[in-house]
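Bear in mind that the values here come from a model prediction, so they are computed numbers and not experimental data. Naming: A, B, ... by sequence-line order, numbering from 1 per chain.
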There are 2 protein chains.
Amino acid sequence: MNMTVTIKDVAKKAGVSAATVSRVLNNSGYVYEDTRKAVMEAINHLQYKPNEVARSLYKRTSKLIGLVLPDITNPFFPALARGVEDNLQQQGYRVIFGNTDGDTTKEMEYIDTFLQHNVVGLIASVDHLHHEVLTNLRVPVVTVDRITEELPAVYADHKSGGRLAAEKLISSGCEKIVVLRGPQDAKPLYDRFQSAMQYLSEKNVSVNFIDCQLSFEDGRKKAKELFNQFPDTEGIIACNDLVAAAMLHEAVTRGINVPTDLQVIGYDNITISEIVHPSLTTIHQPTYDMGVKAADMLIKLINKEKLGMIHEQLPVYLKERNSTLNGGI
Amino acid sequence: MNMTVTIKDVAKKAGVSAATVSRVLNNSGYVYEDTRKAVMEAINHLQYKPNEVARSLYKRTSKLIGLVLPDITNPFFPALARGVEDNLQQQGYRVIFGNTDGDTTKEMEYIDTFLQHNVVGLIASVDHLHHEVLTNLRVPVVTVDRITEELPAVYADHKSGGRLAAEKLISSGCEKIVVLRGPQDAKPLYDRFQSAMQYLSEKNVSVNFIDCQLSFEDGRKKAKELFNQFPDTEGIIACNDLVAAAMLHEAVTRGINVPTDLQVIGYDNITISEIVHPSLTTIHQPTYDMGVKAADMLIKLINKEKLGMIHEQLPVYLKERNSTLNGGI
DNA sequence: GTGAAAGCGCTAACAG
DNA sequence: CTGTTAGCGCTTTCAC
């Protein structure tokens with residue numbers, strides 16, 4: 001069967017020492033072109049693949065990067081994850097990952113075992129309350145879609161995002177607005193909520209808010225609550241697209257016409273927002289790019305390069321579709 | 001700073017040898033309760049965490065499992081992935097993963113490097129044409145949502161799935177039916193298409209098919225094609241929910257009333273199918289459970305336990321929503 | 001240029 | 001019950 005072939009086997013076959021094989025493998029030191037060829041031949045012949053674990057043990061480093069996300073089932077994160085993975089994979093890194101469901105215990109568990117596997121870096125999306133876990137690790141960390149002072153971070157401009165949404169509803173004539181407030185321990189959610197509220201408070205409109213998780217399920221529950229509690233709502237700013245979709249859904253069910261009687265704005269611009277009916281006006285986040293960017297930063301950090309800036313803020317924009325009144329009121 | 005603390009440090013601190021520390025770590029061999037306590041204390045005091053890489057090198061095994069999926073951006077896979085991960089994580093395994101986009105090169109690349117990292121097993125969703133790659137690996141492999149003779153597999157009953165969809169359209173009165181045919185090198189797609197066609201061919205109805213990728217984007221393109229080519233279509237069987245959503249979308253755009261003038265059936269029952277309007281009648285696959293089951297099988301294989309059966313087929317069912325005429329015609 | 005030897009951190013005989 | 005020793009597969013001085 002597939003008995004593992006080691007560097008020694010290659011050495012023997014090529015009639016050289018393991019050290020020499022190692023040298024050609026790593027392009028380190030000098031090797032005669034002839035012996036180099038002999039070694040390569042042996043390698044190909046034996047289908048030799050170096051054992052990364054042994055390598056990792058000696059070098060106390062690896063090609064593994066840990067990715068810690070809340071929940072890959074939320075469509076926002078797969079896009080992010082692919083951005084990270086595509087970039088990393090291309091540079092020879094592999095990613096080992098875990099979903100935490102925002103649970104600190106799981107976060108720590110994953111981070112610990114990732115480190116035990118000699119990961120060279122971590123990309124994490126973890127509530128800022130738990131960020132201590134990420135500080136003073138022995139490997140660089142980049143946070144995505146989350147923000148703390150100290151840690152390098154990639155995130156979108158949620159202050160603009162929140163304001164953009166609010167502006168839009170105001171400019172399309174809403175006077176009774178409900179804002180769904182996502183979990184406030186995640187800074188992006190906090191920012192977009194605050195900045196929307198801030199803008200709205202300066203206008204002469206009625207505004208209320210309801211707390212809501214980021215899932216379709218919870219959106220659904222809160223939608224019922226919303227329409228019961230504030231039946232004459234004219235505009236809704238949702239904390240993400242999933243929740244916005246739930247609002248749309250409940251509105252349709254109740255025979256409320258969107259966007260004529262009610263306008264809804266989502267957040268993220270995940271695929272779903274295009275698919276729902278009416279299609280969803282939303283704040284676009286460059287999700288995939290955030291992943292790519294985070295991987296870029298991490299690799300720089302791993303290579304001890306200086307970062308231009310610790311915090312990389314990416315722009316968002318309003319994507320108008322059919323859940324709002326467009327072209328003015 | 002965080003200089004790594006090794007087993008030797010613990011040994012020194014506890015006044016014993018490394019071997020003894022190892023013993024208490026692994027609960028192997030006998031250790032005096034007192035020395036055990038001393039060791040534990042040293043461990044806690046030093047915050048010692050064993051180096052999994054060293055462990056892995058010696059034991060030629062690890063707690064790592066490789067997960068190979070086509071594209072986590074397709075909402076079907078995150079659910080599957082979480083099923084896998086939740087199960088594995090609980091048993092102390094960690095997952096290292098890669099998206100292949102159905103590209104054999106990437107598949108092989110990932111599998112190779114996973115093996116180089118001493119993974120103890122692989123869970124893969126890979127087109128059956130490429131299954132040779134997976135055979136004769138030195139670790140057990142379980143395929144998910146894919147089928148080959150030789151390899152253990154977890155998948156849903158797509159023959160029933162295809163027939164269920166076809167039956168439904170017939171029983172709700174469709175006489176002009178178009179079936180979207182997904183990529184046929186994936187057995188599940190093949191099965192569901194064939195069995196739908198088979199059933200339809202026995203009925204006295206007009207049936208056509210169009211090839212289609214599994215994405216919303218391609219669905220969109222093919223939707224236009226479909227309505228141009230077969231404008232009087234009464235029923236559509238889509239290859240998955242994403243594509244079905246695209247059909248719905250195009251139908252609405254063209255002012256075709258669903259389900260009155262046109263009925264649509266999806267496949268998978270991902271969250272989206274509930275969110276679209278009208279909500280989508282679809283074939284439900286137990287996606288998360290498939291992941292859990294696959295992890296179960298793999299762990300058994302890793303532990304050298306015998307499997308009851310190599311192929312685990314999970315049931316599907318028709319989930320009726322509002323894109324079909326329900327309660328008979 | 002190349003080989004011998006030591007060692008990364010851990011575990012598994014083998015003595016004692 | 002516990003320490004000593006050897007070795008997992010690889011890389012890296014250090015001689016030659």
Side-chain angles (χ1 to χ4, degrees), chain A residues 2-40 42-43 46-64 112-113 115-120 138-139, chain B residues 2-40 42-43 46-64 112-113 115-120 138-139:
Chain A
N2 230 328
M3 199 41 218
T4 358
V5 14
T6 78
I7 201 172
K8 278 189 189 167
D9 301 319
V10 177
K12 192 180 298 175
K13 176 131 200 146
V16 298
S17 77
T20 303
V21 177
S22 175
R23 285 193 190 95
V24 350
L25 241 37
N26 300 287
N27 277 307
S28 60
Y30 296 80
V31 180
Y32 273 128
E33 187 51 29
D34 284 357
T35 71
R36 159 185 213 78
K37 258 188 207 145
V39 169
M40 286 310 277
I43 288 178
L46 295 166
Q47 295 237 57
Y48 167 72
K49 305 264 165 50
N51 180 329
E52 283 299 330
V53 175
R55 207 175 247 188
S56 168
L57 177 59
Y58 184 87
K59 316 230 286 193
R60 286 117 139 259
T61 172
S62 75
K63 284 298 197 175
L64 249 28
D112 274 351
T113 58
L115 289 174
Q116 292 176 44
H117 283 286
N118 273 5
V119 295
V120 271
R138 66 166 183 280
V139 298
Chain B
N2 231 330
M3 199 44 218
T4 359
V5 15
T6 79
I7 202 172
K8 279 188 188 166
D9 301 319
V10 177
K12 191 180 298 174
K13 176 129 199 147
V16 298
S17 77
T20 303
V21 177
S22 175
R23 284 193 192 96
V24 348
L25 240 36
N26 299 288
N27 276 307
S28 59
Y30 297 81
V31 181
Y32 272 128
E33 187 53 29
D34 283 357
T35 70
R36 161 187 211 77
K37 258 188 207 148
V39 169
M40 287 308 279
I43 288 178
L46 265 33
Q47 295 238 57
Y48 168 71
K49 305 266 167 49
N51 179 328
E52 284 298 330
V53 175
R55 208 175 247 186
S56 168
L57 176 59
Y58 184 87
K59 315 230 286 193
R60 289 121 138 255
T61 171
S62 75
K63 283 299 197 174
L64 247 28
D112 274 351
T113 58
L115 289 174
Q116 293 177 45
H117 283 287
N118 274 7
V119 294
V120 271
R138 65 169 185 280
V139 298

Nucleotide nearest B:Ser17 (side chain, heavy atoms from C-beta), chosen from D:dT11, C:dT11, D:dT4: D:dT4
Euclidean distance, atom CD1 of residue B:Ile43 to atom P of C:dC10 [Å, nearest integer]: 10 Å
B:Ile7 side-chain proximity, nearest of C:dT2, D:dT11, C:dT11: C:dT11
Options D:dT12, C:dA12, C:dG1, nucleotide nearest the side-chain atoms of B:Tyr58: C:dA12
Exam field: side chain B:Ser62 to backbone B:Asn118, donor-acceptor pair closer than 3.5 Å: yes
Rounded to 10 degrees, the angle between the two terminal axes of the helix from C:dG1-D:dC16 to C:dG16-D:dC1, each from five pairs: 50°
side-chain contact (heavy atoms from CB on, under 4.5 Å) between B:Leu115 and A:Lys49, worked out: CA-CA 9 Å; B:Leu115 289 174; A:Lys49 305 264 165 50; over 6 Å; no
Nearest-0.5 Å distance that lies between atom CD1 in A:Ile43 and atom CG in A:Leu25: 5.0 Å
Closest nucleotide among C:dG3, C:dC8, D:dT11 to the A:Arg60 side chain: C:dC8
Whole angstrom value for the distance that separates P of C:dC8 from NE2 of A:His117: 21 Å
Nearest to side-chain heavy atoms of A:Lys59, which nucleotide of D:dT12, C:dG3, D:dG9: D:dT12
Rounded distance (nearest 0.5 Å) linking atom CG of A:Asp112 with atom CD of A:Gln116: 6.0 Å
Closest listed nucleotide, where the reference is the side chain of B:Tyr32 and the choices are D:dC10, D:dC1, D:dT4: D:dC1
Interatomic distance, A:Lys8 NZ vs D:dC10 P [rounded to whole Å]: 10 Å
Touch class at under 4.0 angstrom, heavy-atom based, for A:Val16 against every strand present: sugar-phosphate
base_contact_polar (D:dG3 base, B:Arg23 side chain, donor-acceptor, <3.5 Å): yes
B:Thr35 side-chain N/O to D:dC1 phosphate OP1/OP2 under 4.0 Å: no
Verdict with reasoning, A:Val139 to A:Val120, per side-chain contact (heavy atoms from CB on, under 4.5 Å): CA-CA 6 Å; A:Val139 298; A:Val120 271; 5.5 Å; no
From C:dT2, D:dT4, C:dT11, nucleotide with atom closest to A:Thr20 side chain: C:dT2
Separation of atom NZ in B:Lys49 from atom C1' in C:dC10, rounded to whole Å: 17 Å
A:Asn118 CG to C:dG9 C1', straight-line distance once rounded to whole Å: 10 Å
Close side-chain approach of A:Asn26 and A:Arg55, heavy atoms under 4.5 Å: yes
B:Gln47 atom CD, neighbour heavy-atom count above 12 within 6.0 Å: no
Interatomic distance where OH belongs to A:Tyr48 and C1' belongs to D:dG9 [whole Å]: 7 Å
Full working for side-chain contact (heavy atoms from CB on, under 4.5 Å) between A:Arg36 and A:Val16: CA-CA 10 Å; A:Arg36 159 185 213 78; A:Val16 298; over 6 Å; no
Candidates D:dC10, D:dG3, C:dG3 - which lies nearest the side chain of B:Ala19: D:dG3
Sugar-phosphate only, base, or nothing, as touched by A:Ser22 at under 4.0 Å among non-hydrogen atoms: base
Which nucleotide in C:dG1, D:dG3, C:dG9 has an atom nearest any side-chain atom of A:Leu57: C:dG9
